[in-house]
Amino acid sequence: MTPVSIASIFRRGIESVGESVRIQGWVKTRRDSKAGISFVQVSDGSCFDSLQVVAGAVLDNYSTEVLKAGAGCSVIAEGTLVSSQGKGQSVELQATRVEIVGWVEDPDTYPISPKAHSFEYLRQVAHLRSRTNTFGAIGRVRHTLAMAVHEYFHNNEFQWIHTPIITGNDCEGAGQMFRVSTLDLANLPRTPDGKVDFSKDFFGRETHLTVSGQLNVETWCMALSKVYTFGPTFRAENSNTSRHLAEFWMIEPEIAFANLAQDADLAEGLLKHMFTRLLAERGDDMRFFADRIDKGCIQRIEALLASPFERMDYSDGVKHLEAAVAKGHKFDYPVSWGTDLQSEHERYLTETLVGRPVVLMNYPKEIKAFYMRLNDDGRTVAAMDILAPGIGEIVGGSQREERLDVLDSRLVEMKLDPAVYWWYRDLRRYGTVPHAGFGLGFERTIVYATGMANVRDVIPFSRTPQNCEF
RNA sequence: UCCCCUAUAGCUCAAUUGGUAGAGCGGGCGGCUGUUAACCGCCAGGUUACUGGUUCGAGUCCAGUUGGGGGAGCCA
């Protein structure tokens with residue numbers, strides 16, 4: 001008999017009554033009735049709900065096996081779908097055969113016992129946490145959001161560019177990098193002046209894991225017009241917060257013949273499409289998050305979808321913050337034009353002042369990267385961040401500096417070596433055009449959508465300082 | 001990297017001013033029931049993270065180490 005997914009059974013509901021099916025999955029719980037039947041909740045991860053398998057004493061392995069099958073055991077069940085006599089489910093499987101494929105060797109120490117566990121504990125058993133309700137839901141939500149990203153871009157004539165993971169740029173401008181090397185650390189080759197001789201390394205030069213695909217994707221933008229990358233990025237910062245990972249996934253579109261306003265529109269359109277698909281496809285998981293994790297998460301998304309994102313200049317943001325201070329609002333850090341906003345300032349703008357995501361635009365050039373386009377005022381650059389309640393910055397983007405002379409003077413100002421960026425500068429020498437793009441943090445977006453408190457719990461295996469067990 | 005908090009049963013937590021460890025959940029066994037956060041009874045399970053110190057006596061106080069968490073910075 002061909003197995004079917006539990007999701008496919010629930011999709012058809014009572015229509016499926018009378019059919020013979022085979023399902024395969026893992027036991028969530030088992031409840032016994034001494035009348036001679038057991039109710040085995042089986043999950044295969046295809047949807048939030050588990051299927052109730054009704055196993056009677058007529059099964060030849062009922063007392064020897066079914067009555068001993070507890071949480072975590074893998075099972076195959078065959079039988080007929082019937083409408084349920086009990087409350088809580090529309091259909092259930094009246095089993096004619098239940099095979100225990102894999103036992104749990106010691107139920108007393110099985111790490112995922114059927115009870116509430118803390119997320120901190122579950123991180124220590126990350127190889128098993130996917131079996132819990134929460135992480136199953138996270139996995140499906142993550143998939144749906146990722147698919148929605150590709151769907152949105154594909155529908156809007158973007159090309160997915162697979163930018164490299166290993167990069168020869170040692171300064172992509174976004175933080176500390178992980179070194180990639182095959183040199184023998186115990187016996188490093190040296191140059192005559194005593195430095196490590198990277199010409200002997202695998203690539204014949206220093207290489208690192210990428211911190212951003214942006215510079216590479218810009219090159220393809222200058223030919224295919226609308227492009228994006230979506231892949232893992234790596235930052236060797238010693239960051240210990242609920243918003244940072246050493247390995248995280250980032251979506252980075254780049255659009256040619258475009259300015260900052262169009263960039264912000266693109267970010268808004270992408271986020272709204274992602275969340276629209278999420279509510280449409282994962283209502284079951286989102287109801288769980290609303291029920292157990294964050295009561296307001298669905299309403300928050302619905303509110304986001306219902307109105308345009310607030311757009312605000314950095315300078316106006318500073319004015320709002322100064323006005324708040326004047327009215328007696330206390331911040332730990334002072335606010336003044338020219339300094340980067342602290343977390344508490346960002347939170348005030350997005351959580352207190354607006355209550356929805358805010359697109360903050362046109363920052364002082366001193367606090368932003370070299371590639372961001374200098375505005376006509378000479379003191380700000382065409383940068384935009386999208387700040388979201390609860391998580392802070394989920395998008396960082398800009399219109400790129402397309403003028404070679406301005407780019408070069410910015411490189412010099414920031415004490416960077418133009419020669420290192422020779423191929424990036426070439427884009428400005430051969431058919432340059434105004435263009436813009438941004439980076440959307442995938443895990444932060446999931447945190448925002450689900451109300452989960454920590455990015456470490458929305459990625460299958462988190463990498464953080466001092467933590468790479470799995 | 002800085003600041004703060006924390007470490008007790010498989011898990012979540014209790015344990016008066018320092019007096020020698022307890023509950024719930026989970027697990028096993030039994031009872032009951034078309035059950036579904038099931039319910040009732042019994043049982044098992046702990047060098048109180050580690051090292052050292054103070055004390056007649058340390059889960060409790062002190063120091064160090066290690067792990068975990070929260071916040072800050074960096075950013076996505």
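Quick note: numbers below take in every heavy atom, side chains included, and nothing from hydrogens, waters or symmetry partners. Chain naming here is simple, since letters A, B, ... match the order of the sequence lines and numbering starts at 1 in each.
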Across the strands shown, which category fits A:T233 at heavy-atom distances under 4.0 angstrom: base, sugar-phosphate, nothing? nothing
Sequence-distant partners of A:Q214, side-chain hydrogen bond (donor to acceptor under 3.5 Å, both in side chains), two or more places apart: A:E218, A:Y371
Below the 4.0 Å mark, does B:C74 have OP1 or OP2 next to a side-chain nitrogen or oxygen of A:R243? no
Does the ring of A:F248 lie flat against the base of B:A76, closer than 5.5 Å centre to centre with planes under 30°? yes
Separation of the C1' atoms in B:G10 and B:G26, to the nearest angstrom: 7 Å
For the C1' atoms, the ones on B:A49 and on B:G59, what distance do you get once it is rounded to whole angstrom? 12 Å
Classify the ring geometry between A:F158 and A:F153 as parallel (under 30°), tilted (30 to 60°) or perpendicular (over 60°). tilted
Taking side-chain hydrogen bond (donor to acceptor under 3.5 Å, both in side chains) as the test, write out the residues that go with A:R456, two or more places apart. none
Got a sec, which pairs hit ring pair (Phe, Tyr, Trp, His ring centres under 6.0 Å) with one end in residues 36-58 of chain A, sequence neighbours left out? A:F48-A:F288
Categorize A:T29 for me: base, sugar-phosphate, or nothing, with a 4.0 angstrom heavy-atom threshold over every strand shown. nothing
Taking B:U8 as the reference, what is the distance to B:C3 when you measure between their P atoms (whole Å, please)? 25 Å
Stems formed with participation of RNA chain B [Watson-Crick or G-U wobble, under 3.5 Å, three or more pairs]: B:1-7 with B:66-72, B:10-13 with B:22-25, B:27-31 with B:39-43, B:49-53 with B:61-65
How would you list, by chain and number, every residue that makes a side-chain hydrogen bond (donor to acceptor under 3.5 Å, both in side chains) with A:D263, sequence neighbours excluded? none
Among side-chain atoms of A:Q94 and A:T80, is any donor-acceptor pair under 3.5 angstrom? no
Check: A:H150 ring centre within less than 6.0 Å of A:Y228 ring centre: yes
Is the distance from OP1 or OP2 of B:G73 to the nearest side-chain N or O of A:Q342 less than 4.0 Å? yes
Can you check the distance between B:A9 and B:U47, where both ends of the measurement are the C1' atom (answer in whole Å)? 14 Å
Across all chains, not counting sequence neighbours, the side-chain hydrogen bond (donor to acceptor under 3.5 Å, both in side chains) partners of A:E19 are A:R12
Take A:W249 and A:Q466, find for each the nucleotide of RNA chain B with the closest heavy atom, and name the residue whose nucleotide sits nearer the 5' end. A:Q466
How would you label the contact of A:D332 with the nucleic acid (heavy atoms, under 4.0 Å): base, sugar-phosphate, or nothing? nothing
Residues from residues 382-401 of chain A sitting under 4.0 Å of RNA chain B, heavy atoms only? A:E393, A:I394, A:V395, A:G396
Is the distance between the ring centroids of A:F234 and A:F248 under 6.0 Å? no
Pairs satisfying ring pair (Phe, Tyr, Trp, His ring centres under 6.0 Å), at least one member in residues 335-356 of chain A, at least two apart: A:Y314-A:W337, A:H329-A:Y348, A:F331-A:H345, A:F331-A:Y348
Can you check whether A:R123 has a side-chain N or O nearer than 4.0 Å to OP1 or OP2 of B:G67? no
Any residue meeting ring-ring contact (aromatic ring centres under 6.0 Å, His included) with A:F438, in chain and number order, not counting sequence neighbours: none
Could you tell me whether A:E254 and A:R400 make a salt bridge, using a distance below 4.0 angstrom between a side-chain N and a carboxylate O? yes
Tell me which residues in residues 446-456 of chain A lie within less than 4.0 Å of RNA chain B, going by non-hydrogen atoms. A:N454, A:R456
Restricting to nitrogen or oxygen on both sides, can you table the protein-nucleotides 23-31 of chain B pairs closer than 3.5 Å?
unit_1, atom_1, unit_2, atom_2, d
B:G26, N2, A:D108, OD1, 2.4

Extract all donor-acceptor atom pairs below 3.5 Å that involve side chains of residues 459-470 of chain A and protein atoms in other chains or at least two apart in sequence.
unit_1, atom_1, unit_2, atom_2, d
A:R463, NH1, A:F470, O, 3.0
A:R463, NH2, A:F470, O, 2.3

Using the closest heavy atom to pick a nucleotide of RNA chain B for each, name whichever of A:R31 or A:P111 lands nearer the 5' end. A:P111
Starting the side chain at C-beta, find the nucleotide from B:C75, B:U12, B:U36 nearest to A:S118. B:U12
